[in-house]
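In what follows, a single structure is set out as structure tokens and then discussed.
All values below come from the heavy atoms of this structure, side chains included, with hydrogens, waters and symmetry mates left out. Fair warning: this is a prediction, and the values are worked out from it, not measured in the lab.
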Amino acid sequence: MKSVALRKTTSMAMTGLMLAAALAVLVPLIFIFVHIVKMGLSSISIDFFTQIPKPTGETGGGMANGMAGSAVMIGMASVIGLPVGIFGAVYLAEFGGSRISTTIRFAADVLAGIPSIITGMVAYTLLVVPMKGFSALAGAVALAMIMIPIILRTTEEQLKMVPGTLREASLALGVPLWRTSIKVTLRSAMTGVMTGVLLAIARVAGETAPLLFTALGNQFWSNKLTSPMAAMPLQIFNFAISPYEDWHRLAWAGALVLVTIMFALSLSARYFGRSRQKN
């Protein structure tokens, strides 16, 4: 009887500790989200989505150029990072036992753990200095460097979940290995791959430090990839540390929009993840 009572007491105590740990995570998160909504919702307007920032001392304006710049740089980063990450994962899934594959996995894990500001410094040295100027292209490369290890590792794990019988059936029909990997294995894991892609995009959407070293920011519209370009995280940072109250309101509004976008991307990733589990 004492043993049963002890087990029940221990189970209740551990359940209480886990509940306390969950609350310790959720309460600050809810507080932050509520505060962002409270401060940013009152500053959201049509002008915020259609206008660029006003000159110093003038009220109004928006972050239209920052949203467009973020979309451009994230799009370019995806063009660079997605093929490298996905096809690199296909190689690891098909030839995972080699020493080169082990080295690639280790490098990807290390790269995923490097602070983003270090990535920005590397991109600054490799691109900004030789190009003799900040640019949206350098910002996109810095974001791609953050995306690649995330996509690589998540895609590899999804490819490992594909039943080996599918590969064997395709190879038995005379389909080459490279076509089997692309047409059968990768296609079967596409839902899970999309989860990793969305998580990677959500990760880089809010990055500020790499863009400070590369894209720098711009108060005006810019369509040149070789010149500084605005981005929402940069504008939020610059407006938040400014001495102007109107810019503070724009910073809160930008934070709300950015958090909403990241929340939507995270929900989409969870949707694809659940669809993968059902299949």
* Who pairs with E94 by side chain to side chain donor-acceptor pair (under 3.5 Å), at least two apart in sequence or on another chain? -> R167, S181

* **Test side chain to side chain contact (heavy atoms under 4.5 Å, CB included) applied to Q51 and M63, step by step** => CA-CA 6 Å; Q51 295 185 7; M63 291 188 180; over 6 Å; no

* Qualifying salt bridge (Lys or Arg N to Asp or Glu O under 4.0 Å) pairs, either residue in residues 226-248, two or more places apart -> D246-R249

* Start with the C-alpha gap between M73 and L211, add the side-chain angles, then the distance that decides, and say whether side chain to side chain contact (heavy atoms under 4.5 Å, CB included) holds. => CA-CA 10 Å; M73 283 186 277; L211 300 183; 4.0 Å; yes

* Asked: Using the ring of each side chain (for Trp, its six-membered ring), is H35 parallel, tilted or perpendicular to W252, with breaks at 30° and 60°?
  -> perpendicular

* Asked: From S170 OG over to K183 NZ, what is the distance, rounded to the nearest 0.5 angstrom?
  -> 11.5 Å

* To do: Group every Ile, Leu, Val, Met, Phe, Trp and Tyr by side-chain heavy-atom contacts under 4.5 Å, then state whether L199 and V204 land in the same group.
  => no

* Do you know the tightest heavy-atom contact between Y124 and T214? -> N-CG2, 4.2 Å

* **Side chain to side chain, P233 and L258, heavy atoms closer than 4.5 Å** => yes

* Asked: In terms of heavy-atom contacts, does CD1 of I46 have more than 12 from other residues, nucleotides or ligands at under 6.0 Å?
  -> no

* Atom CD1 of I201 and atom CD1 of I261: how far apart are they, to the nearest 0.5 Å? -> 11.5 Å

* Structure fact -> One should read off an interatomic distance between L137 CG and S227 OG, to the nearest 0.5 angstrom, of 10.5 Å

* To do: Using a cut-off of 6.0 Å, state whether more than 12 heavy atoms not belonging to M121 lie near its atom CE.
  => no

* To do: Examine V37 and M262 and state if one hydrophobic cluster contains both, with Ile, Leu, Val, Met, Phe, Trp and Tyr joined whenever side-chain heavy atoms are less than 4.5 Å apart.
  => yes

* Atom CD1 in I114, atom CG in D109: separation rounded to 0.5 Å? -> 11.0 Å

* Donor-acceptor pair, side chain of S242 and main chain of F239, under 3.5 angstrom -> yes

* Asked: CE/M145 to CD1/I118 distance, rounded to the nearest 0.5 angstrom?
  -> 11.0 Å

* With no hydrogens and no angle check, is any side-chain donor or acceptor of S222 less than 3.5 Å from a backbone partner on N218? -> no

* Would I148 end up clustered with L159 when hydrophobic side chains under 4.5 Å apart are linked, directly or stepwise? -> no

* Structure fact -> Nearest heavy-atom approach of R203 to E207 is NE-OE2, 3.0 Å

* To do: Over all heavy atoms of both residues, which pair between T226 and S135 is shortest? Give the atoms and the distance, please.
  => C-CB, 3.5 Å

* Do the non-hydrogen side-chain atoms of M190 and V193 ever get within less than 4.5 Å of each other? -> yes

* L92 and I104: side chain to side chain contact (heavy atoms under 4.5 Å, CB included), yes or no, with the steps? -> CA-CA 8 Å; L92 294 180; I104 293 173; 4.0 Å; yes

* Any T15 side-chain heavy atom under 4.5 Å of L19 side chain -> no

* N65 and Q219: CA distance, side-chain angles, deciding distance, side chain to side chain donor-acceptor pair (under 3.5 Å) verdict -> CA-CA 8 Å; N65 58 335; Q219 289 290 96; 5.9 Å; no

* Would you sort out whether T195 and Y271 count as a side chain to side chain contact (heavy atoms under 4.5 Å, CB included), showing the intermediate values? => CA-CA 8 Å; T195 302; Y271 169 78; over 6 Å; no

* To do: Report yes if the side chains of L212 and L234 come closer than 4.5 Å at any heavy-atom pair, otherwise no.
  => yes

* How long is the span from the CD1 atom in I30 to the CG atom in L23, to the nearest 0.5 Å? -> 8.5 Å

* Asked: Taking atom NZ of K38 as the centre, does the number of heavy atoms from other residues, nucleotides or ligands within less than 6.0 Å exceed 12?
  -> no

* Are M131 and L143 joined in one hydrophobic group, where the rule is that I, L, V, M, F, W and Y side chains link up if heavy atoms are under 4.5 Å apart? -> no

* Asked: Would a 4.5 Å heavy-atom cut-off, applied to side chains only, mark M147 and S78 as touching?
  -> yes

* Do the ring planes of F95 and Y91 sit parallel (below 30°), tilted (30 to 60°) or perpendicular (above 60°)? -> tilted

* Asked: What are the two closest non-hydrogen atoms of A200 and I151, and how far apart are they?
  -> CB-CG1, 3.7 Å

* Asked: Is any side-chain heavy atom of T154 closer than 4.5 Å to a side-chain heavy atom of V197?
  -> no

* Structure fact -> On a heavy-atom basis, the closest approach of A123 and A138 is CB-O, 4.3 Å

* Asked: In terms of hydrophobic clusters joined by side-chain contacts under 4.5 Å, are F213 and V129 together?
  -> yes

* Structure fact -> Taking every heavy atom of M232 against every heavy atom of S70, the minimum-distance pair comes out as N-OG, 2.9 Å

* Quick one: are S188 and L166 in side-chain contact, heavy atoms under 4.5 Å? -> yes

* Name the orientation class of the two ring planes belonging to F263 and F33 (parallel below 30°, tilted from 30 to 60°, perpendicular beyond 60°). => tilted

* Compare all side-chain heavy atoms of I44 with those of L256 and state whether any distance is below 4.5 angstrom. => yes

